[in-house]
Amino acid sequence: MAGGDGVRSLSTAQDVHHIEAPVTWKAYLICAFASFGGIFFGYDSGYINGVIGSELFYRSVEGPTADGLTSSNQSLIVSILSAGTFFGALMGGDIAEIIGRKWTVITGCVIYMVGVVIQMITGPEVASPLGVIVAGRLIAGIGVGFESAIVILYMSEICPKKVRGALVAGYQFCITIGLLLAACIVYATQNRTDTGAFRIPIGIQFIWAIILGGGLLFLPDSPRYFVKRGNIEKARSALCRLRGQPADSEYVEAELAEIIANEEYERQLIPSTSWFGSWANCFKGGLGHQKSNLRRVILGTSLQMMQQWTGVNFIFYYSTVFLQSTGAIGNPFLISLIFTLVNVCSTPISFYTVEKFGRRTILLYGALGMLICQFLVAIIGVTVGFNKTYINAAGETAARNISAVNAQIAFIAIFIFFFASTWGPGAWIVIGEIFPLPIRARGVGLSTASNWLWNTIIAVITPYMVGEEYGNLRSSVFFVWGGLCTCAFVYTYFLVPETKGLSLEQIDKMMEESTPRTSAKWRPTKTFAEATGRSQGGKLSTDLIADVERKGSIY
């Protein structure tokens, strides 16, 4: 039905709790597909753990008589991908506002494949294998940065509110699948006597890029992106596909009306401006209230920082090398594979708990469980475990107390359980939900860049913390991770709001009208269409729709 100015009108919801269509299996699967992007993240984080322990690889880099990578080269090779993803995540936010969420992820897949090609060149036959692997991982990292930031943004914007947490948790599950696949492939190729020992794990990455990039070609872009660009009919079409409803469905019209009304409301608070002004908008407002843009950006970036501070990537990046250095483990590759299996099997628990108990609750209990495990690993290690070794009759380093070492391994596995079922998915879910539409792409990009920045820092400093020629902390490094998990517990209690069961637009209102500690009790009372006063007779004002179309067209 068209209004007087030729703009098609939209029906608004009469009940604030019925602004989305029932979830169909088709809609569920469409939304879930994007989570496949987690494979990139997980596989790229996991395969390097085994590759740097491959004799053929480190002798290609260091020379034919080397016994392993130097701490500096190990730090550089592992961390350079995270440096690339940091810049990729920052650029991805801008690009997603120009070409859309879907096409930004596809672009990231192409960049990623270029980086993989360069990494495949690494070997003893090239003049500078170190330079080649570093350059390839840097370029691949930029592609992963595009993907890791924008897939979260895309999923948060297309998923129904009832299952948004579970579906975005699927992204973390795919990260764990990627880690598992990497561990399996590295384990299977570890005894090869040719360059396939490291080139096979590198080359398989092509498959992930082709599946994700090719599949996204057939999916719609985010309806919220189309509304921001002023293309209401494309937004309607995208919603129809995502919700499995016809174009004239009351559910589609009600949800679209809410997105449009919220967009107009947010534009009044955060007017469209220049490129520099758009970035400046991310840092406006004070620290005293969680509704301010600055406070939301700090929340998103610090949440991802806290996720990295848990020390989980110490396990997945360096567990093989660390366990080798203790002399207490006969087959460190197998133990690393077990850790990865625990990670994979624990993550699906969050599909249920994140919607049943909420984001804030699982982050609190997850931090508590992790800090207990980390301190136990540290205390056992410095008293009777990893740190207490001797040289046996064969001239090898051996553990004095095998039971203590086994206990440490068990508590590391329990720590991974707590991380995988809480902070692993929880941090990604929250950063996709807390930003208003005008700054959402850049806010998610900044938050993801923070993840990779701290990922880089930890990857750089860890070899120096545990390396024999530097800090040689051994088990004492777990005191550091335990202390940081304690910080994560306190941080969650005071700063993380509850976003369970709310649409993205309702989360905006919740953050205006509550505090983190009262957020779980907040309930919506009005639709955005009602709150803005731009709804008459159950219809959204055609003037409002025309305003959004006009402003979006000159964005």
Side-chain angles (χ1 to χ4, degrees), residues 1-13 19-20 92-107 150 153-154 156-158 219-243 245 247-249 251-282 293 435-445 503-505 508 527-529 531-536 539-555:
M1 184 172 129
D5 57 0
V7 178
R8 185 174 180 178
S9 63
L10 293 168
S11 298
T12 58
I19 59 171
E20 284 187 352
D94 272 335
I95 294 170
E97 296 286 47
I98 298 169
I99 66 174
R101 286 51 164 148
K102 178 178 88 168
W103 290 104
T104 303
V105 177
I106 292 172
T107 302
I150 308 308
L153 172 66
Y154 179 64
S156 296
E157 291 192 341
I158 68 173
L219 297 186
D221 212 324
S222 161
R224 288 173 170 89
Y225 165 73
F226 286 130
V227 167
K228 185 171 183 179
R229 301 295 294 190
N231 199 324
I232 304 302
E233 287 309 308
K234 279 192 176 181
R236 182 195 294 270
S237 175
L239 268 178
C240 291
R241 293 180 63 190
L242 292 169
R243 303 294 181 254
Q245 298 285 326
D248 58 354
S249 163
Y251 292 110
V252 169
E253 295 216 340
E255 185 173 356
L256 186 55
E258 279 296 279
I259 295 171
I260 292 171
N262 174 258
E263 164 68 0
E264 179 62 16
Y265 174 77
E266 296 292 353
R267 279 190 192 273
Q268 292 171 2
L269 298 176
I270 313 171
S272 296
T273 181
S274 63
W275 175 85
F276 180 81
S278 296
W279 273 105
N281 281 336
C282 295
N293 289 352
F435 296 104
L437 184 56
I439 67 164
R440 186 171 295 141
R442 292 184 174 93
V444 175
S503 71
L504 297 182
E505 290 69 38
D508 279 350
T527 65
F528 254 97
T532 56
R534 304 294 290 272
S535 172
Q536 300 96 26
K539 297 287 185 182
L540 193 66
S541 166
T542 54
D543 290 339
L544 172 57
I545 299 172
D547 285 346
V548 170
E549 289 183 327
R550 177 178 55 81
K551 291 174 182 176
S553 66
I554 61 174
Y555 172 75

> Which pair of heavy atoms, one from Leu256 and one from Ala235, lies closest together, and at what distance?
Replying inline: CD1-CB, 3.8 Å

> Which residues pass the side-chain contact (heavy atoms from CB on, under 4.5 Å) test with Ala238, sequence neighbours left out?
Replying inline: Pro220, Pro223, Phe226

>> For a quick test of reading the model, state the closest non-hydrogen atom pair linking Thr104 to Gly92 and the distance between them.
In response: CG2-O, 3.9 Å

> Is the side chain of Arg224 donor-acceptor paired with the backbone N or O of Glu157 at a distance under 3.5 Å, no angle test?
Replying inline: yes

> Should Arg442 and Ser278 be marked as a side chain to side chain contact (heavy atoms under 4.5 Å, CB included) after you check the CA-CA gap, both sets of side-chain angles, and the distance that decides it?
Replying inline: CA-CA 9 Å; Arg442 292 184 174 93; Ser278 296; 3.3 Å; yes

>> With heavy-atom distances below 4.5 Å as the criterion, would you say the side chains of Thr107 and Ile95 are in contact?
In response: no

> Going through the distances and angles, do Glu253 and Arg236 end up as a salt bridge (Lys or Arg N to Asp or Glu O under 4.0 Å)?
Replying inline: CA-CA 8 Å; Glu253 295 216 340; Arg236 182 195 294 270; 3.2 Å; yes

>> Quick check for you: to the nearest 0.5 Å, what is the distance between Gln245 atom CD and Leu239 atom CG?
In response: 10.0 Å

> Between Ile150 and Arg101, what is the shortest heavy-atom contact and its length?
Replying inline: CG2-O, 3.4 Å

> Out of curiosity, Arg243 CZ to Ser249 OG, how far, rounded to the nearest 0.5 Å?
Replying inline: 11.0 Å

>> Restricting to side-chain contact (heavy atoms from CB on, under 4.5 Å), what partner residues turn up for Ser237, sequence neighbours left out?
In response: none

> Under a 4.5 Å cut-off applied to non-hydrogen side-chain atoms, are Tyr154 and Asp221 in contact?
Replying inline: yes

> From Arg229 CZ over to Glu263 CD, what is the distance, rounded to the nearest 0.5 angstrom?
Replying inline: 11.0 Å

>> Restricting to non-hydrogen atoms, name the atom on Glu97 and the atom on Pro438 that form the minimum distance, rounded to 0.1 Å.
In response: OE2-O, 3.9 Å

>> Could you report the tightest heavy-atom contact between Ala96 and Leu153, atom names first, then the distance?
In response: CB-CD2, 4.4 Å

> Between Arg440 and Leu504, is a side chain to side chain contact (heavy atoms under 4.5 Å, CB included) present by the stated rule, with each step listed?
Replying inline: CA-CA 10 Å; Arg440 186 171 295 141; Leu504 297 182; 3.7 Å; yes

> Given Asp94 and Trp279, is the side chain to side chain contact (heavy atoms under 4.5 Å, CB included) satisfied, shown in steps?
Replying inline: CA-CA 9 Å; Asp94 272 335; Trp279 273 105; 3.1 Å; yes

> What distance do Ile99 atom CD1 and Tyr225 atom OH have between them, rounded to the nearest 0.5 Å?
Replying inline: 8.0 Å

